[in-house]
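Just below is one structure, and these are the notes that go with it.
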Amino acid sequence: MNNSNKKELTEEEIETLLLLNYLEDEVEELPQCIKSILNGQYKDVLNNESFLGLIESRDSNDFCKLICSEIETEAIPHNSWLCMGIASLLYFIQCNWTGPRIDKDVNWLKVQRETALKDLSLHDECNTNVKKPELLYFSKIIFSNEILQSVYESCIWWLFRANLLHQFVLNESSGVIFDESEQLIDKINDLSLLRDVHCRTLFDIEAAQFYLYYRRVQNSEMYVESAQEAARLSLSLEGALGRRTKHQQEDKAQLLLKIDLGKNQFPSRRTEDLPKSLELNDDVRLERIEFSEGVRGAQLGAVEEAIILVKHIQLQLSQPKDKLTDEEGKPYLNAVIDSTRNWSVKMASLCHRCSLESVDKRTVERSMMQMEYLILELENTKVPVANRLDMFFASGLKPVWILEQTWAHLMLGLGLVKGALDVFLKLQLWEEVITCYNLLELKHKAAEIIRQEISKEPTVHLWCLLGDATQDPSHYETAWKLSNEKSSRAQRHWGLFYFAKKNYEEAIPHLKLSVELNNIQEDVWIRLGFAALQTEDWKLAATAYKHYCALEQSTFEAWNNLAKAYVELGDKPKAWKSLQDAIKCNYDRWQVWDNLMVVSIDLGHFSEVIRCYHRILDLKNHHLDVQVLDILTRAILNNINDSDGNPAQRLLPKTLELFGRISSSVLNNSHIWRMYGQLTALKKTDIDDEKAAQYLQQAHRAAVSDPKWFQREETVEDVLQICCLLAEMYLHCALECEAKKKRTLLASAKLSLQGVVKKVKDQEWNAEKILTRLQRVEEYLNIVKDELEKIKLVN
């Protein structure tokens, strides 16, 4: 290219260049360290002679303090430190994520390995498979330096990236890293670097990947939407006619991802020799859906493909794990797999497809073979190292040991137990090793191999596993002491040991201490909540379930139990809100609707009571809750205000609709017909008055159909109440009607009241309430008789 077309980059443009790992145009001579990073020569940057001379000349036992001191003195320029940190982090990624494998160490850093492991462990343990952790340790020291952060604002972004890699090398999800990274996200959002739309979009994808790792789907939504908006990328699932099996005769509707791109794609590097998608080779299913009309895919770049990939992950986590969710996810993955020319995005999308296909008997074999192929592909040297790092942080690619673990699980699912066992042994996944030995009927080997490993190098994890294998809680205590009383894992295993035995009193202190040490443990929070419910420690139960629901928002049982705890604590408004969230998680569980209905009636959410009752009837056809209906009826009869201050009688039409539905299946419940009659009478029309009389007559029949009703105080009171209401309604209806009809109504009333009065009097009741109501019924009976006499005299 002509030199006249070259340009000189500003400091901010160089920072952007390093973040994107991509140079679109030729520029004037770049500093050697930057060129080395862009070419994937990370070790050359780390072995810089001037830097090595400086480090070797210093005598310090505190490596972190030494680095910070040297940055402050500026003996080495600040831009060199930034390059050192980036090269160290990318070299670490090559060792543990992208390959090809590196055997040689950076000698001057290798001596810090033990210190690095201790510092990175955060009081638990790093994964035993992590390679060269000192590289991550060194990069975090540099990116955390406040002087460098003030000079290069991209340092904060690089620290955010390093933090997510730090989480990957830990065996436990870390609340410390999560909280620190959230603070970094807030700072990065204010950086001037993000004025560049390419950087803004890339960061949105990386932030979404961070939240999705911790299963914070709601937090991720804002960033996925922002990335789509910046890329002007519109995604929608549509139906299109096509065939998915080899023997299919007719085209049927198939899911298709429609992609609209409202702008030119972001620039990205196209890479050759990408990992291949293996053929399915199934006797029935086609390799891919054959649509009857040609489907043209949009031309996408790596950024747009990363957005589609992160959207797929979000959909998988936000919906129930079932076949429908998997079917909805496939078009997203297929769009990326078929389109991408980016190494990291291709690897990540194929890994996700392996997970998706692992549950289908027709695809599980390809899933296993594809995963094995991808692991081998890491050692393929055809793709340059630098190209593998393009879009790496946005792809969400998992480390090598996770891919190998997934491969072993796929083998185990296909019955290849010995093959899986070999991989689990290599990865030192002792829980899976124990599972394999149990399947091979070599249970004695489980405890034996753990003791063997403890004899080599005792760890908290191994002592906990020995406790699980032998059911001896003293081993958990050993693990706890080994960690200097700082391991959340030791307390978790200890607590779950007692939890499994339903010894909740013993389990609670251990589970509680475990989440105090590490608050990102969904499985511990939910068990702590359950244990607290069993011991009726409502405050602890509410706290535990509240934390669990913040971490995992799609479990209706947890929201339901949280509501129960709030009810027991007397905080019904919070219980009501929790039940609303439970409904969102499971719309088809009638018990949750019932709980919501009961709390709603207590709080005066009368419209919600009606909605809940209808939904319960949708789910189970028949449901009767007289107490709730009675409170609702009295609220409307007395026209009291609901929770929003609105008069309850505005709900009369909806309530009558509900009673109509209930009464169609409940024919012999006097309470239902009595309430239905009372509510119908509120409409105050001639037709509705007659209907009300009929419903009250039905209530009377149902009440006296029990041959022993007059022997129980409660039923006697109910029958007398119905008689009063029935007499009132008959007398009201008789006011304006013709003589013949009036005589019929009053005769019917007389007959109903006389029989009741006689039965009650025969029992010689002394209860004041009954005597008062009986007197009232006799008064109505006398009025009815008088009216009948008047009709006779007239005639």
Verdict with reasoning, Cys126 to Asn171, per side-chain contact (heavy atoms from CB on, under 4.5 Å): CA-CA 6 Å; Cys126 290; Asn171 288 324; over 6 Å; no

Is it the case that atom [atom1] in [X] sees more than 12 heavy atoms from other parts of the structure closer than 6.0 Å?
X	atom1	answer
Glu457	CD	no
Glu365	CD	no
Glu221	CD	yes
Glu114	CD	no
Lys577	NZ	no

Name of the residue among Asn96, Asn129, Leu117, Leu136 meeting side-chain contact (heavy atoms from CB on, under 4.5 Å) with Val169: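 Of the listed residues Asn96, Asn129, Leu117, Leu136, the side-chain contact (heavy atoms from CB on, under 4.5 Å) partner of Val169 is Leu136.
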
Starting at [atom1] of [X], measure out to [atom2] of [Y] and round the result to the nearest 0.5 Å.
X	Y	atom1	atom2	value
Tyr548	Arg527	OH	CZ	9.0 Å
Lys187	Glu182	NZ	CD	13.5 Å
Phe138	Leu89	CZ	CG	11.5 Å
Asn518	Glu516	CG	CD	12.0 Å
Gln314	Gln319	CD	CD	10.0 Å
Tyr476	Leu496	OH	CG	8.5 Å

Looking at every heavy atom in both [X] and [Y], which two are closest together, and how far apart are they?
X	Y	value
Ala116	Tyr137	CB-CB, 3.5 Å
Ser578	Trp559	O-CB, 3.4 Å
Gln521	Leu551	N-CD1, 4.0 Å
Pro100	Val385	CD-CG2, 4.0 Å
Phe556	Ala582	CB-O, 3.5 Å
Met347	Leu403	CE-CD1, 4.4 Å

Within the side chain of [X], is there an N or O that forms a donor-acceptor pair under 3.5 Å with the backbone of [Y]?
X	Y	answer
Tyr91	Leu46	no
Ser344	Arg388	yes
Lys132	Ile102	yes
Ser483	Trp480	yes
Thr555	Glu557	no
Arg451	Ile449	no
Ser174	Leu170	no
Thr543	Lys539	yes
Ser514	Ser488	yes
Ser220	Ala208	no

Ring-face cation of Arg492 near Phe497 (centre distance under 6.0 Å, axis angle within 45°):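 No, Arg492 does not lie over the aromatic ring of Phe497.
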
Residue that, paired with His461, satisfies side chain to side chain donor-acceptor pair (under 3.5 Å) out of Glu453, Arg489, Glu125: Arg489

Do the ring planes of [X] and [Y] sit parallel (below 30°), tilted (30 to 60°) or perpendicular (above 60°)?
X	Y	result
Phe499	Tyr504	perpendicular
Phe392	Trp97	perpendicular
Phe210	Phe178	parallel

Ring pair (Phe, Tyr, Trp, His ring centres under 6.0 Å) assessment of Tyr213 paired with Phe168: CA-CA 10 Å; Tyr213 175 86; Phe168 273 116; 5.0 Å; yes

Taking the side chain as every heavy atom from C-beta outward, state whether [X] and [Y] have any atom pair closer than 4.5 Å.
X	Y	result
Trp430	Leu462	yes
Val433	Ile450	no
Leu465	Glu431	yes

Worked verdict on Lys501 versus Glu506 for salt bridge (Lys or Arg N to Asp or Glu O under 4.0 Å): CA-CA 10 Å; Lys501 297 181 179 301; Glu506 286 285 346; over 6 Å; no

Lys/Arg N to Asp/Glu carboxylate O, Lys486 vs Asp124, below 4.0 Å: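 Judged by the 4.0 Å cut-off on N to carboxylate O distance, Lys486 and Asp124 do not form a salt bridge.
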
Asp326/Lys323 salt bridge by N-O under 4.0 Å criterion: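 Judged by the 4.0 Å cut-off on N to carboxylate O distance, Lys323 and Asp326 do not form a salt bridge.
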
CA sep, side-chain torsions, deciding dist, call: His409, Phe424, ring pair (Phe, Tyr, Trp, His ring centres under 6.0 Å): CA-CA 9 Å; His409 278 294; Phe424 289 139; 5.1 Å; yes

Asp468 side chain to His493 side chain, donor-acceptor N/O pair below 3.5 angstrom: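 Checked: Asp468/His493 side chains pair up, N/O donor to acceptor below 3.5 Å.
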
